[in-house]
Structure formats: C-alpha cells, structure tokens
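Encoded as structure tokens, the structure appears first; notes follow it.
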2 protein chains.
Amino acid sequence: MTVSRTLSFPHLVSPETREKVAAAVRATGYIPNRLASSLASNQTRTIGAIIPTLRNSIAASFTDGLRDTLRRNGYHVLLGNSEFEPEDEEALVTEFLSRRVDGIYLTGSTHTERTRQMLRENGVPTVEIASLPQDPVDMAVGFSNYDAAYAVTRMFAKQGYAKVALFTTFTKNNERQQERQKGYWAAVEEFGLDSDPRLVSEVAMDLKAAAQNLIALLERRPDVEALFCTGDFIAAGALLEAQRRGIRVPEDLAIAGFDGLEIADNLNPSLTTVQIPRHEIGVLAGQMLLDRINGLPVGGRVVDLGFEIICRESTAKNLPRELTFTSLQTEVHE
Amino acid sequence: MTVSRTLSFPHLVSPETREKVAAAVRATGYIPNRLASSLASNQTRTIGAIIPTLRNSIAASFTDGLRDTLRRNGYHVLLGNSEFEPEDEEALVTEFLSRRVDGIYLTGSTHTERTRQMLRENGVPTVEIASLPQDPVDMAVGFSNYDAAYAVTRMFAKQGYAKVALFTTFTKNNERQQERQKGYWAAVEEFGLDSDPRLVSEVAMDLKAAAQNLIALLERRPDVEALFCTGDFIAAGALLEAQRRGIRVPEDLAIAGFDGLEIADNLNPSLTTVQIPRHEIGVLAGQMLLDRINGLPVGGRVVDLGFEIICRESTAKNLPRELTFTSLQTEVHE
DNA sequence: CACAAAAATGGTACCGGTACCATTGGACAA
DNA sequence: TTGTCCAATGGTACCGGTACCATTTTTGTG
C-alpha cells in the first residue's frame with residue numbers, strides 16, 4: 001500500500017501522508033522486515049565475505065576497506081571464517097548463496113571445485129583478494145606473492161648474504177604462502193644462494209612457535225646469516241627470540257618480515273617488511289563488487305595493486321638505502 | 001509440498017522419494033532460499049554481533065568463542081562494528097532487527113537510550129559482554145574492569161611504588177576504560193599513591209601513540225616509577241619505546257598491561273598483564289543466547305567470569321611471586 | 001478379510017514486503 | 001466546458017518457503 005511507498009520513495013507521496021505514516025511508525029515502533037523486502041525485491045544489499053581467521057588482525061584490515069566502501073553504498077557484510085579449510089569455505093559459500101547475498105568476497109584463490117562451480121553457475125558477483133589467480137572465479141584484486149618473496153630474497157642476495165633461511169606459515173590450502181615459497185626458491189637458484197632445504201620450515205602463525213623455530217633453525221644451521229619470514233608475526237617472534245639470546249640483528253642475523261603490520265615498525269630493531277596495500281585492496285574489491293551488481297562489465301578482471309619493500313633496521317647491514325627494491329604497481333590483466 | 005519436507009524432515013519421507021528429490025536437487029543445482037524460509041518460519045538462525053573495531057584482534061577473540069558455540073548449533077554470526085560510536089551501534093541494531101536476527105551480542109554496556117528501548121520492546125535475546133552492567137538490557141557476561149584495575153594498582157602499591165602512571169585508551173563512550181580509570185584512582189587514594197593528574201593520560205590504541213605518550217610523560221614527570229596501561233598494545237608501545245631510550249624495565253620503570261594478549265608474553269622483558277577469559281566469555285555469551293532462544297529462563301542474568309593478573313618480568317622488582325593478586329572468579333548476579 | 005492406525009503425500013493459507021497496474025481527483029490548456 | 005496529463009493513492013499477484021490440515025497409501029492385527 002501507500003506505506004511501503006512512503007518508506008521507499010517518499011518523494012512520490014504527499015507531505016501530509018508522509019507525516020501520517022511517520023507518526024504511525026513512531027507510535028508502533030515499526031521496523032520493516034528486510035527478509036520480506038529481500039524476498040520480494042530479489043536483492044539483499046549484503047555481501048558475504050570469507051576470511052581465513054579473525055584471530056590475527058591481518059585479514060580484518062582487508063575487510064576494513066571493504067566495509068567502508070560497502071557501508072557508504074548501503075550494503076552490509078556477512079562475515080565467515082574458513083580456518084583455511086576449503087570444505088568449510090564451501091559450506092559458507094552455500095550458506096551465503098542460500099541467503100541470497102548480492103556478492104561474495106573470498107580470500108585467496110584456493111577453493112574446492114564445487115565452490116567454483118556453484119559460484120559460476122549462480123552468477124553472483126565474486127571477488128578473490130590477495131592473489132593474482134590465473135583462472136579467477138570472476139574478479140580478483142591482489143598482488144604477486146611470488147614477486148614479493150622473490151624481491152626480498154633478491155635483496156638479501158644483493159646485500160651479500162649467501163645463507164638465507166625461510167619461515168613460511170602453513171602452506172596447505174594457502175596458495176599465497178606457496179607462491180611466496182616459490183619466489184624464494186627462484187631467487188635462491190638465480191643468485192646461487194645456499195639451497196639447503198634445512199633452511200626452510202613451516203611455522204604456526206604465532207610468536208611462540210616462531211621463537212621455537214628459530215631455536216631449531218640455529219641448531220640445524222648455526223651459520224645462517226639471514227631469515228625471511230613470510231609473515232610479520234613470525235618475524236616478530238623470531239626477532240624477539242634473537243633478542244633474548246643475545247643474537248644481534250642484523251649483525252649476526254638479518255630478519256625480514258611480510259605484511260607491513262604496525263608492529264614491524266615498532267620493534268627494536270625495526271623490521272624490514274613487505275608492505276601490502278591491504279586497505280586499498282579491500283576498497284577496490286568492494287567497488288568492483290558494486291560495479292558488477294550495478295551491471296557494469298567488470299567480470300574476469302584481475303587487478304594487481306603491487307607491494308612495497310620497506311627497508312628498516314633489521315636488515316640494514318652496510319648497504320645504502322638506495323638498494324631498496326620497491327615495486328608498487330597497479331596493473332590490470334583483462 | 002513434499003520437497004520442503006524432504007529437505008527439512010527427511011525421516012518423514014520414504015527413501016525413494018528422498019532419492020528422487022536429492023536427484024532433482026543435484027540436477028538443478030537448487031539452493032534453498034533462506035529468506036523465504038526465515039520469513040515463513042519466523043527464525044533466521046542468525047545472531048547479530050556488534051564489536052567496536054576489527055582493527056585489533058582483541059574484540060575478535062571474544063567473538064571467536066561466540067562463533068564456535070553458535071556454529072555448533074547451526075547458527076551464524078552477522079558482524080558489525082560501531083567504532084565506539086553509540087549512534088553507529090544504534091543504526092546497526094536497527095539493521096539487525098530489521099533482518100530479524102534471533103539474538104544480539106553487544107560489546108560493553110554503553111548504548112543510546114533508543115537502542116535499549118528498541119531491544120527491550122522487541123524482546124530479542126541480547127547479551128552484553130566485557131562489563132558487569134548495573135542495568136543490563138537483558139543478559140551480560142564479563143568481569144569487573146574496576147576490580148581488575150584496582151588490583152593492578154594495588155599490586156604496584158604493595159610492591160612499594162608510590163608514583164604510578166596510568167595510560168588508558170579513549171574513555172569516551174567506553175565504560176570499560178572508565179571503570180578501569182576509576183579502579184586506578186580508588187587504589188591511588190586508598191594506598192596514598194601520588195595523585196598528580198599529570199600521571200594519567202588517554203592514548204590512541206596503537207604502538208606509536210603509546211611511545212609518544214611515554215616520551216611526554218617522562219618530560220612531565222621524570223620521576224615516575226611505574227606505568228599501568230589499560231591495554232597490552234599501549235603497554236607494548238611504551239615498553240618498546242623504553243627499550244629504545246635505554247630505560248630499564250622494570251628497574252627504572254615497571255610496566256603492566258591489560259588484556260592478556262599473546263604479545264605480552266613474548267616481549268623482552270615479558271609483560272605483566274591482566275588476563276581476561278575472552279574465549280570463555282564468548283562461548284558463554286553464545287550459550288546464554290541459545291538458551292534464551294530456546295525458551296530457557298535466563299533473562300536478567302549477569303555473569304562474572306573474573307580475571308587474573310599474570311606477573312611477569314616487566315614488574316618483577318624484588319618482590320616474591322606470592323604477591324601476585326589473582327582473582328579468577330565465576331559469579332552469577334541474578 | 002475388514003478395519004484401525006500409522007506412514008506418506010498433497011493442498012492451501014499464510015509470512016511481509018515489492019512490482020505493477022488501476023483508479024481518482026485536480027490543474028491546466030484548448 | 002471538456003479533454004489531457006500528472007500526482008497521489010489503492011488493489012492485487014507474486015517472491016519461495018513453512019505450518020497445518022486433508023487425503024491417500026501402507027501396514028498391522030483380530
């Protein structure tokens with residue numbers, strides 16, 4: 001009736017009627033039922049976002065940008081975490097689809113075959129972030145994990161380090177970490193670094209695990225010169241353990257991290273890291289989803305937002321700052 | 001028709017029919033529409049959760065427990081962040097109510113009057129966490145911020161410190177921080193500590209701000225002996241700045257934090273802090289919501305899950321460990 | 001074999017909105 | 001005065017499920 005119109009298109013209704021409706025709404029404490037509205041109008045103004053975990057703030061800072069963009073446009077975010085399990089992700093996608101979200105945001109590009117199929121058949125706008133998938137489900141915005149890890153390892157090589165260790169977090173179901181490891185190996189090979197597999201290990205994403213791993217590494221290879229951690233928390237854990245053991249950073253052991261978290265800049269010594277444009281990725285992902293929802297032809301697009309190596313004290317050694325290898329680029333692969 | 005029944009109550013349907021339906025579902029890629037389902041059945045199996053911010057992982061670790069409990073019972077979480085603005089919170093509550101969530105989870109007990117009114121009139125099960133409100137909207141589970149801050153300050157007093165500074169995060173719209181500040185002042189008064197207001201300041205919740213604040217504090221009061229920060233990030237920032245300036249902790253300046261984050265245990269020196277049972281609070285909050293939803297009479301209940309002071313190196317000084325004042329309690333106020 | 005009880009299936013009226021069309025009543029121009 | 005057009009309002013058929021009752025089929029038992 002007229003009430004619905006008053007609430008949705010007030011300009012089509014006379015001021016008196018508008019006032020009467022407003023009064024009734026106030027009097028009864030009426031709250032429109034968005035379920036009914038969504039059912040009838042076939043749009044929920046909701047985006048389903050799946051991130052691996054909420055336990056660290058890194059995935060969260062991606063979604064922060066997403067949230068900003070969406071809220072500004074009257075959209076909401078339904079958040080789910082997959083705990084790095086593609087099956088859990090699949091269940092969440094099913095759940096989101098059954099709630100008829102208008103768009104889906106996925107972290108990374110490792111999904112089950114059924115997930116990809118469901119998403120494609122359903123035709124719901126989808127964006128994958130933090131990777132540059134060969135075969136995106138729909139759209140993607142991220143950066144090259146391979147290039148970033150390669151660049152850090154290369155930086156170590158150019159600084160004269162020959163024995164560079166690598167700590168990654170679990171690579172299972174995580175193509176970002178896999179790519180970083182590949183980038184490391186590529187640089188190790190290219191620059192003739194020590195390719196002892198005992199220099200490489202997988203660590204849980206927490207400070208304590210990183211500390212213990214450093215101890216183990218030092219037992220295996222006491223002669224290690226540099227350590228690249230594909231996560232700032234890992235790097236922080238290792239750095240703090242080095243501090244406890246009186247290992248001087250970077251004189252005895254250079255350390256670099258990955259992510260560009262706040263803590264990297266505040267540790268002593270401050271931590272060299274790879275800065276990821278997390279907020280920008282979230283914002284752009286949101287914008288791309290909105291564009292697709294509004295019928296703009298942006299499907300199949302993969303956007304590279306680049307990264308930047310920030311050199312700090314933990315890898316200074318005796319090389320000038322000019323040798324920082326930054327690579328912040330914005331590229332669109334159609 | 002029979003299809004609906006097959007999907008909801010398969011045991012009421014013959015195996016052949018069940019198989020036929022399953023085949024059709026597979027063939028068409030049918031995904032049930034939960035909007036329609038919720039509209040008709042009047043339940044969404046969704047809890048709306050509002051947290052201040054996702055930027056740090058602390059609120060997230062509360063909701064982790066919530067999520068665990070809910071998922072186990074087939075419920076989902078709709079997450080919103082208020083950025084410490086009661087008006088934003090109100091808008092989110094309205095949004096959640098219009099989506100007919102089955103329950104609402106709020107952080108803290110600072111809400112607009114309209115929020116309280118909406119929630120109460122609507123009668124939706126609601127739980128407030130991290131505080132022990134005098135007048136809960138419905139249910140609450142948390143701990144006494146006042147007691148915890150009082151206990152830490154008392155600990156400093158008993159250890160012989162007379163000049164104890166306080167860094168809180170912004171107290172505006174945040175009764176938790178306000179309570180902690182009150183607890184501090186109460187202990188200052190009771191134990192005759194230096195009550196110079198210049199010992200107290202508000203800091204943004206980040207490492208850099210904390211570092212700068214420490215510098216300012218040392219200029220105002222170079223004779224300060226101990227520093228209590230009502231957040232581990234603040235404490236970490238101060239501790240790292242102290243490290244940079246060659247200030248020995250705890251010999252020159254003792255530092256205590258609040259929250260019991262992972263980083264507290266890994267800094268050098270390790271940080272004394274107040275451990276909050278975050279996960280347990282989330283789990284219990286979820287359980288209470290489920291109980292209310294299922295008609296169990298748990299309304300109006302406020303549960304105190306206590307806290308625990310964990311003494312570490314940053315406040316060791318020359319007092320024995322026995323003087324740690326822990327207070328982990330579980331109390332129910334009807 | 002007859003009949004009652006139980007199991008399986010089908011029919012229909014909602015849930016609370018939106019979309020779209022129909023109707024009413026002025027205002028204004030010819 | 002009459003016709004046209006537009007603003008404002010009202011009516012109705014959905015959206016895709018669930019709840020509940022009615023009907024049909026199967027099973028069990030004396």
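Note: hydrogens, waters and symmetry copies are ignored here, and every other heavy atom, side chains too, is used. So you know, we letter chains A, B, ... as the sequences are listed, proteins then strands, and number each from 1.
No option in A:Val127, A:Asn294, A:Leu284 other than A:Val127 meets the side chain to side chain contact (heavy atoms under 4.5 Å, CB included) test with A:Leu289. Tested against B:Gln177, the residues B:Thr169, B:Thr171, B:Asn145 include a single side-chain hydrogen bond (donor to acceptor under 3.5 Å, both in side chains) partner, B:Thr169.
When rounded to the nearest whole Å, the span between CZ of B:Arg45 and P of D:dG17 equals 17 Å. Taking atom CG of A:Leu35 as the reference point, atom P of C:dC15 lies 14 Å away to the nearest angstrom. Taking atom CD1 on A:Ile31 and atom P on C:dG16, their separation rounds to 14 Å, with Å as the unit. Atom CG of A:Leu7 is separated from atom P of D:dT9 by 14 Å (rounded to the nearest Å). When the C1' atom of D:dG16 is taken as reference, atom CG of B:Asn33 falls 6 Å away, rounded to whole Å. A straight line from CZ of B:Arg99 to C1' of C:dG16 spans 16 Å, rounded to a whole angstrom. Atom OH in B:Tyr30 sits about 9 Å away from atom P in D:dG16, given to the nearest Å. D:dC15 atom C1' lies 8 Å from atom CG of A:Asn42, rounded to whole Å.
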Passes side chain to side chain contact (heavy atoms under 4.5 Å, CB included), B:Met288 versus B:Val303? Steps please. CA-CA 10 Å; B:Met288 287 167 84; B:Val303 180; 3.9 Å; yes
Assess whether side-chain hydrogen bond (donor to acceptor under 3.5 Å, both in side chains) is satisfied between B:Gln287 and B:Asp291, documenting all intermediate values. CA-CA 6 Å; B:Gln287 197 52 58; B:Asp291 287 351; 3.3 Å; yes
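Side-chain contact between B:Ile50 and B:Tyr105 is absent, with no heavy-atom pair separated by less than 4.5 Å.
In the interface, the side chain of B:Arg5 is paired with the base of C:dG10 through a donor and an acceptor atom under 3.5 Å apart.
Residue A:Ser8 places at least one side-chain N or O under 4.0 Å from the OP1 or OP2 atom of C:dT18.
Heavy atoms of A:Phe9 sit nowhere under 4.0 angstrom from any nucleic acid atom. Here B:Ser38 lies out of heavy-atom contact (under 4.0 Å) with every strand.
A salt bridge between B:Arg120 and B:Asp135 is present, with a side-chain N of the basic residue lying under 4.0 Å from a carboxylate O of the acidic one. Salt bridge annotation for A:Arg26-A:Glu19: present, with a cationic side-chain nitrogen under 4.0 angstrom from a carboxylate oxygen.
When each of B:His11 and B:Arg100 is assigned the nucleotide of DNA chain C with its nearest heavy atom, B:His11 is the one assigned upstream, toward the 5' end.
The nucleotide whose nearest atom lies closest to any side-chain atom of A:Leu39 is, among D:dC15, C:dG17, C:dA19, D:dC15. Comparing atom distances between the A:Ala36 side chain and each of C:dG16, D:dA19, C:dT18 picks out C:dG16 as nearest.
DNA chain C is contacted by B:Leu12, B:Val13, B:Ser14, B:Thr17 of residues 12-21 of chain B, taking any non-hydrogen atom closer than 4.0 Å.
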